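Let me begin by presenting the structure, written as structure tokens, before commenting on it.
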Amino acid sequence: MNQEPSTKKKKAEEEQEVWKWWEEEKKDNGVKWTFLEHKGPVFPPDYERLPKNVKFYYDGKEVELSEEAEEVAGFYAKMLDHDYTTKEIFNKNFFKDWRKVMTDDERALITDLKKCNFKKMHAYFMDAAENNRNRSEEEKKALKEKNEAIVKEYGTCVIDGHKEKIANFRLEPPSLFRGRGEHPKMGKLKRRLNAEDIIINCSKDSKIPEPPPGHKWKEVRHVNTVTWLVSWTENVQNQVRYIILNPSSKLKGEKDWQKYETARRLHKSINKIRNEYQQDWKSKEMKVRQRAVALYFIDKLALRAGNKKNEDQADTVGCCSLRVEHIELHEQKDDKEFVVVFDFFGKDSIRYYNEVPVEKQVFKNLGRFMENKKPGDNLFDRLNTSIMNKHLNELMEGLTVKVFRTYNASFTLQQQLDLLTNEDDSEAEKILAYNRANRAVAILCNHQRSVPKGHEKSMEKLREKIVQKREAIHDAERQVKEAIREANYGGVKEKVVADKKKKLLQRLKDQLAKLEIQETDRDENKTIVLGSSKLNYLDPRIIVAWCKKYDVPIEKIYSKTQRDKFRWAIDMAGPDYRFC
DNA sequence: TCGGAGACTTGACTCGAAGAGG
DNA sequence: CCTCTTCGAGTCAAGTCTCCGA
């Protein structure tokens with residue numbers, strides 16, 4: 001019984017085909033596959049009606065809702081103690097969409113969200129969730145097995161003769177849209193999908209996936225120049241969504257590898273590019289100057305491109321879409337000259353705040369770009385991402401704005417690892433060094449998270465522990481002194497006691513040091529996430545090489561899924577690999 | 001040149017499971 | 001062994017970038 005899970009796990013690992021696609025010849029003629037077969041998507045479970053005793057009240061009176069209205073009401077009820085339901089836009093959008101699915105009678109009756117009482121429904125859902133958490137071991141096991149069966153049947157596909165995992169074979173269930181930041185569409189109903197919404201992509205000569213009984217796919221096509229298996233159009237933002245392959249697949253791995261190779265190519269021309277944009281700060285053409293200053297920010301600060309956005313999306317910006325209101329110029333700030341203060345909301349409405357000393361030339365240019373403009377005007381009014389990328393592609397084939405982010409992130413990691421790693425450190429210290437290097441990248445890329453719930457409380461606890469430890473040390477020190485004094489006068493027994501006390505003191509001191517490291521580490525990581533850069537920006541071969549060179553097991557850095565994703569790098573890179 | 005569609009990458013958040021501490 | 005914290009994987013929203021038609 002004890003052995004079972006681990007042997008099972010091992011078996012699963014063995015079953016996974018180790019196929020060294022990276023040793024095959026590469027070709028890129030736009031064709032992504034020649035054979036593709038899969039089982040199609042897994043639909044979310046059908047809606048189950050609430051028990052009769054779970055009521056909805058309108059204006060104090062019990063109301064029996066139709067099935068559709070009840071389902072959508074349920075989405076709202078589930079979110080009752082969420083911040084979203086306190087937001088006006090969320091409520092407005094929800095109510096509007098909810099009324100759309102009501103029967104005429106319901107629509108006539110229910111005209112004011114404030115008169116709706118979802119409390120019973122809310123309590124029911126909370127209860128159900130609690131019950132789910134408290135499921136018995138047998139129930140959990142049965143559920144797990146059922147799930148594994150679905151994964152086994154739908155979780156993989158066959159592409160060009162190889163079995164590959166699928167990333168997201170389950171369709172998104174209906175829900176209320178949760179846009180990030182101040183999103184104008186938050187609260188809108190994300191519709192339930194039917195087979196009639198779904199486009200299947202697979203080989204002509206493959207076994208075509210079966211739609212659910214009584215249904216038909218919207219379309220079945222056989223396009224081998226794209227990589228998706230299934231697509232549909234999501235109704236809130238009207239965007240196409242896809243079922244795609246897992247990052248461990250050849251298709252994804254090759255793309256990832258390519259990405260880092262492009263970034264490495266950038267290293268060869270980076271000096272030339274930097275010289276050129278510095279020259280362009282003095283260009284007579286305003287467009288060229290703006291481009292040069294923007295590129296400087298992209299290179300130095302790893303800013304995102306900043307595509308144009310619509311009115312019906314959250315107001316966030318990147319480099320090219322910066323507005324006058326997002327920067328402040330200071331001839332002098334603290335003890336620094338020519339400081340630009342950036343303060344704006346970027347991707348996912350994450351705040352970007354940075355005080356950056358810049359070259360005088362850049363500073364003066366920014367002043368000119370801001371002249372006679374209102375706060376809401378574009379800082380780079382002659383520039384957009386398409387102009388920028390066209391220019392970059394002329395400097396180097398395949399160069400785009402995002403390559404700079406990849407390049408600077410991976411470059412920073414390598415440089416920091418060189419700087420922070422000591423040959424004769426312990427494994428734990430080496431891993432700490434890695435984490436520090438990773439953290440430097442995360443800071444560069446502004447990978448933030450909201451402060452975890454209860455962070456302050458857990459910090460408080462930790463500090464409490466530290467205080468206690470200090471007191472214990474104080475106490476122990478006194479005891480040691482005393483014991484030594486006694487030992488000087490006493491015999492062997494007293495000496496043994498004194499030794500024991502000394503050892504205890506040392507242990508306490510070690511524990512304190514550990515706690516203090518933990519304190520700074522946790523506080524530094526309070527708002528910083530390492531995962532995003534690790535997964536998307538750091539050339540895995542740098543890490544693999546570092547592990548091999550310093551004899552750190554790769555498992556200490558990469559989890560199982562990460563090792564699957566980066567198998568090409570683990571296989572490819574020796575201890576001497578250099579990103580640049 | 002502009003806008004929108006389509007394809008693909010990136011990113012924070014959530015929740016259950018694993019792991020550490022008492 | 002139990003509880004509390006940390007971690008990993010999954011989820012789905014939000015970016016980037018290319019292409020195409022008017």
Side-chain angles (χ1 to χ4, degrees), chain A residues 5 32 44 82 129 132-133 135 140 143-144 147 151 155 167-173 175 177-181 183 185-186 190 199 201 223 225-228 231 233-234 236-242 244-247 251-252 255-256 258-259 303-310 313-314 316-321 345-350 384-390 392-393 398-406 409 442 445-450 452-455 457-458 461-462 465 511 515 518 521-522 525 527-537 558-565:
Chain A
K32 316 285 169 135
H82 202 292
N132 284 347
R133 276 190 289 274
R135 273 189 279 243
K140 277 186 192 167
L143 226 56
K144 204 175 162 191
N147 185 44
V151 174
N168 56 330
F169 54 89
R170 287 171 214 275
L171 294 178
E172 295 173 11
S175 65
F177 176 74
R178 294 148 96 124
R180 316 221 172 103
H183 198 117
K185 292 196 171 184
M186 64 167 81
K190 195 165 86 179
I199 301 173
N201 191 34
V223 182
T225 52
V226 296
T227 62
W228 53 267
S231 80
T233 301
E234 166 269 341
V236 175
Q237 311 227 64
N238 238 283
Q239 287 179 115
V240 189
R241 289 280 147 97
Y242 307 93
I244 56 174
L245 291 171
N246 190 274
L251 222 85
K252 291 291 184 185
K255 218 52 197 311
D256 211 31
Q258 227 175 66
K259 174 179 81 183
L303 297 189
R304 295 189 186 84
N307 282 303
K308 213 167 152 231
K309 295 189 78 180
N310 288 331
Q313 295 172 295
T316 63
V317 298
C319 187
C320 296
S321 53
F345 289 109
K347 181 175 177 182
D348 293 312
S349 295
I350 298 290
N384 61 40
T385 53
S386 135
I387 294 171
M388 178 63 84
N389 278 333
K390 212 168 274 165
L392 292 178
N393 199 251
L399 187 60
T400 63
V401 171
K402 94 184 184 60
V403 177
F404 280 86
R405 241 167 111 79
T406 312
C445 293
N446 198 232
H447 286 144
Q448 290 191 284
R449 60 167 175 177
S450 47
K453 251 184 241 151
H455 170 80
K457 220 173 78 196
S458 83
K461 255 187 185 165
L462 202 59
K465 265 192 191 166
Q511 283 172 344
L515 283 173
Q518 205 184 348
D521 219 48
R522 191 183 297 177
N525 270 349
T527 54
I528 300 170
V529 198
L530 305 188
S532 306
S533 48
K534 193 178 181 181
L535 235 48
N536 298 306
Y537 290 106
Y558 284 139
S559 70
K560 175 75 175 69
T561 11
Q562 292 172 157
R563 294 199 297 280
D564 284 344
K565 168 170 178 173

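Everything numeric here is computed off the predicted structure, so don't read it as measured data. Within every chain, numbering begins at 1; the chains are lettered A, B, ... in the order of the sequence lines, protein sequences first and strands thereafter. What's counted below: heavy atoms across the whole structure, side chains too, no hydrogens, waters or symmetry copies.
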Output the single nucleotide from [options] whose closest atom is nearest the side chain of [X].
| X | options | value |
| --- | --- | --- |
| Lys255(A) | dC8(B), dA13(C), dT10(B) | dC8(B) |
| Ser559(A) | dA9(C), dG6(B), dA13(C) | dA9(C) |
| Arg241(A) | dA14(C), dG11(B), dT14(B) | dA14(C) |
| His447(A) | dC8(B), dG11(B), dC17(C) | dG11(B) |
| Arg180(A) | dA14(C), dT10(B), dA7(B) | dA14(C) |
| Thr400(A) | dT18(C), dG11(B), dA7(B) | dT18(C) |
| Glu172(A) | dT10(B), dA13(C), dA14(C) | dA13(C) |
| Asn307(A) | dA12(B), dC17(C), dT10(B) | dC17(C) |
| Thr227(A) | dG10(C), dT10(B), dC8(B) | dC8(B) |
| Arg170(A) | dA14(C), dT11(C), dC8(B) | dT11(C) |

Donor-acceptor contact present, side-chain Asn201(A) to main-chain Val223(A), <3.5 Å: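 Indeed, once roles are kept as given, a pair shorter than 3.5 Å links the two residues.
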Between dC8(B) (P) and Asn246(A) (CG): distance, integer Å: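 Distance, rounded to whole Å: 16 Å.
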Most 5' of Tyr537(A) and Arg133(A) on DNA chain B, judged by nearest nucleotide: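 In this pair, the answer is Tyr537(A).
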Under the 3.5 Å rule, do the base of dT10(B) and the side chain of Lys347(A) count as making a donor-acceptor pair?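 Under the 3.5 Å cut-off, the side chain and the base do form a donor-acceptor pair.
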Within the structure, does a side-chain N or O atom of [X] lie under 4.0 Å from either OP1 or OP2 of [N]?
| X | N | answer |
| --- | --- | --- |
| Arg304(A) | dG11(B) | yes |
| Gln448(A) | dA12(B) | no |
| Lys390(A) | dC17(C) | no |
| Lys402(A) | dG15(C) | no |

Consider side-chain hydrogen bond (donor to acceptor under 3.5 Å, both in side chains). Of Gln258(A), Lys259(A), Lys252(A), which one does Asp256(A) pass it with?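 With Asp256(A) as partner, Gln258(A), Lys259(A), Lys252(A) yield a single side-chain hydrogen bond (donor to acceptor under 3.5 Å, both in side chains), made by Lys259(A).
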Mind telling me whether Tyr242(A) and Trp228(A) have parallel, tilted or perpendicular rings, with 30° and 60° as the class edges?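 Judged by the thresholds at 30° and 60°, the geometry between Trp228(A) and Tyr242(A) is tilted.
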